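Worth saying up front: this structure is predicted, and the values here are computed from it rather than measured. Lettering follows sequence order; numbering is per chain, from 1. Reckoned from all heavy atoms, side chains included, excluding hydrogens, waters and symmetry mates.
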Amino acid sequence: MPPTSPREAAGPRRRSLLAGALGTTVAGGGTGLLSGCSGDSADSGPEHDAEARRLRRTAARQSRALLSHYDRTVAAHPDLAGRLKPLRGTVARHIGELSGPAPERTPGRDREGSGADDGGASHDGAGKTGDKPGGPARIPAGRKAALGDLADAERRTSDARVRALAGAPPELARLLASVAAAGAAHAYLLTERDT
Amino acid sequence: MTTAELSAAQAALAAEHAAVYGYGVVGGRIVEARRDEARSAYDAHRARRDALRRTVRDLGGRPEPAAAAYALPFDVPDSPAAVRLAAELEDRVAAVYADLVRSSTGARRREAAGALREAAIRSVRWRGTGVAFPGLPERAAPARRSPSGTPDEGTREL
């Protein structure tokens with residue numbers, strides 16, 4: 001048995017169950033403190049290089065495709081509007097975060113690639129790189145099938161993000177893991193919970 | 001890089017120790033119909049805890065032990081409180097794994113991302129709703145809790 005720490009031996013004061021829940025991340029969050037990448041200042045370094053920008057653009061495009069899918073689902077099934085609203089809202093926030101400003105550039109100028117980086121605009125994700133438009137060609141007539149299609153889209157997008165984060169710089173990887181997790185949670189809400 | 005990863009792995013291990021303890025409390029209070037779910041989560045966290053011990057050793061560290069007991073963040077007198085505690089545990093676990101994703105690479109990063117995903121799904125199962133950025137408390141919206149702090153279980157109240 002490991003020896004009890006002096007703190008435990010000190011008596012009734014117990015370690016908080018949620019100790020460090022915020023402290024750990026706030027201390028290291030956002031500054032690259034734990035990234036191990038030296039010299040990653042606000043506008044240089046791996047978080048802002050061409051590969052990172054490409055990953056963000058791709059992820060933002062996937063989220064826009066999801067958003068379009070949500071909107072078309074609601075258009076076909078207005079009775080689902082209430083249920084889908086919070087999920088759609090989350091996808092919109094993901095777009096905002098993934099499309100986020102590139103600090104060293106003037107907004108809208110000389111972005112490589114599709115140029116379809118206008119944040120929350122709700123349009124299909126087809127860019128000049130030839131990505132397929134977001135979502136299926138048609139929304140199923142059945143409510144359950146429509147929700148199932150959305151869940152599949154969320155799952156596929158989530159899986160794509162998990163693959164992408166392997167090669168991402170530290171902060172972007174953390175963000176991609178988070179939005180991937182959110183998408184997986186959406187897939188659960190869309191199929192397992194009937195509100 | 002390794003030092004940061006070791007530090008993040010120890011933090012994740014600490015969170016899993018707390019989760020294992022916390023789910024013991026959850027299991028003792030939660031309504032019968034959800035006890036299997038709590039048990040399953042408890043088992044999953046024990047497995048993650050054991051994996052993190054190995055990870056910490058692989059990174060050249062000594063796995064930090066669990067505390068003998070933990071102070072609960074709030075009283076857990078009944079099932080709704082137990083459910084809320086379970087959700088909080090998962091949120092904390094999600095946060096440490098998000099940090100571990102940042103600090104790791106390769107297979108360990110994949111593992112951490114998978115653990116974050118699991119925690120996010122469990123959190124949603126307990127709470128009924130999700131957050132936009134699981135594991136990123138700096139991006140959390142202000143909590144919309146009722147003044148009494150009881151969870152909004154909606155139709156899942158049993």
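Heavy atoms from other residues, nucleotides or ligands lying under 6.0 Å from CZ of Arg110(B) number 12 at most. Atom CG of Asp75(B) sits in a sparse spot, with 12 or fewer heavy atoms from other residues, nucleotides or ligands closer than 6.0 Å.
Residues Leu190(A) and Val74(A) fall within the same hydrophobic cluster, defined by Ile, Leu, Val, Met, Phe, Trp and Tyr side chains chained together at heavy-atom separations under 4.5 Å. Hydrophobic clustering, with ILVMFWY side chains joined whenever heavy atoms are under 4.5 angstrom apart, keeps Leu55(A) apart from Leu116(B). Follow the hydrophobic side-chain contacts under 4.5 Å out from Leu72(B) and you reach Val83(B) in the same cluster. Hydrophobic clustering keeps Leu66(A) apart from Leu98(A) (ILVMFWY residues linked when any side-chain heavy atoms are closer than 4.5 Å, directly or through intermediates). Placement of Val76(B) and Val20(B) within a single hydrophobic cluster is found when ILVMFWY residues are connected by side-chain heavy-atom separations under 4.5 Å, directly or transitively.
Per-residue heavy-atom pair counts under 4.5 Å with chain A were compared for Ala119(B), Ala98(B), Ala120(B), and the maximum is reached by Ala98(B). Among Pro86(A), Ala180(A), Ser158(A), the residue making the largest number of heavy-atom pairs under 4.5 Å with chain B is Ser158(A). Between chain B and the residues Leu172(A), Val91(A), Asp159(A), the largest count of heavy-atom pairs under 4.5 Å involves Asp159(A).
The heavy-atom pair separating Gly130(B) from Leu189(A) by the smallest distance is N-CD1, 4.5 Å. Here the closest heavy-atom approach between residue Ala182(A) and residue Ala132(B) is recorded as CB-O, 3.5 Å.
Using a distance-only test at 3.5 Å, with no hydrogens or angles considered, a donor-acceptor pair links the side chain of Arg109(B) to the main chain of Leu165(A). Between the Ser178(A) side chain and the Pro134(B) main chain, a donor and an acceptor come within less than 3.5 Å of each other.
To the nearest 0.5 Å, the span separating CG on Asp99(B) from CZ on Arg174(A) amounts to 5.0 Å. For the atom pair Arg93(A) CZ and Arg139(B) CZ, the distance stands at 9.0 Å (nearest 0.5 Å). Here the CD1 atom belonging to Ile121(B) is positioned 9.5 Å from the CD atom belonging to Glu192(A), to the nearest 0.5 angstrom.
For Ala166(A), the part lying under 4.5 angstrom from a heavy atom of chain B is the backbone only. Contact annotation for Leu85(B): only side-chain heavy atoms (C-beta onward) come within less than 4.5 Å of a heavy atom of chain A. With a 4.5 Å cut-off on non-hydrogen atoms, Val131(B) touches chain A through its backbone but not through its side chain.
Two residues are said to be in side-chain contact when any heavy atoms from C-beta on lie closer than 4.5 Å; Leu89(B) and Leu17(A) meet this criterion. Using a 4.5 Å cut-off on side-chain heavy atoms (C-beta onward), Thr90(A) and Phe133(B) make no contact.
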Exercise for review: Please report the C-alpha distance between Arg117(B) and Val162(A) in whole Å, then the side-chain angles of each, then the deciding distance to 0.1 Å, and finally whether the side-chain contact (heavy atoms from CB on, under 4.5 Å) criterion is met.
Suggested key: CA-CA 10 Å; Arg117(B) 182 194 277 209; Val162(A) 171; 3.4 Å; yes
